[in-house]
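In what follows, a single structure is set out as structure tokens and then discussed.
Keep in mind it's a predicted model, so treat the numbers as computed, not measured.
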Amino acid sequence: MTSQLQQAVNIVQNLSLVEQLELLKILSISIQKTHSLEVQTQNDIKDDTDFSSESFRKSWQQAVTGKTLPISQLWEDINLD
């Protein structure tokens, strides 16, 4: 246990039961928010990685098999005005 955590425990032990319960409620909400953010971040990273690797595999397969378009054709339907 870190010294900061030990200090926090010592402080909590000096609180009344009502104060301890209020602190417990606040900590629970804080932990839930932190956990949700971590899960969301992990999912975002996983999604980005999955998309990138799948996109690369598809593009690589197209290049290897010659299923590509000339650059001039890529710009045909783009209106720059």
| remark: Here the gap from L15 atom CG to N10 atom CG, rounded to the nearest 0.5 Å, amounts to 11.0 Å
| query | Does the pair T34 and E38 meet the rule for a side chain to side chain contact (heavy atoms under 4.5 Å, CB included), with working shown? | reply | CA-CA 6 Å; T34 301; E38 286 182 9; 3.7 Å; yes
| Picking from L24, V18, I26, what satisfies side chain to side chain contact (heavy atoms under 4.5 Å, CB included) with E22? | I26
| So does Q4 have more than 12 non-hydrogen atoms from other groups sitting under 6.0 Å from CD? | no
| note | Interatomic distance, CD1@I31 vs OG@S36, rounded to 0.5 Å, equals 12.0 Å
| Are V12 and L27 grouped together when hydrophobic residues (ILVMFWY) are joined by side-chain heavy atoms under 4.5 angstrom apart? | yes
| said: Just verifying a value: how many Å separate S28 OG and L21 CG, rounded to the nearest 0.5 Å? | reply: 12.0 Å
| request: May I have all residue pairs that pass side-chain hydrogen bond (donor to acceptor under 3.5 Å, both in side chains) and include part of residues 60-69, sequence neighbours excluded? | output: none
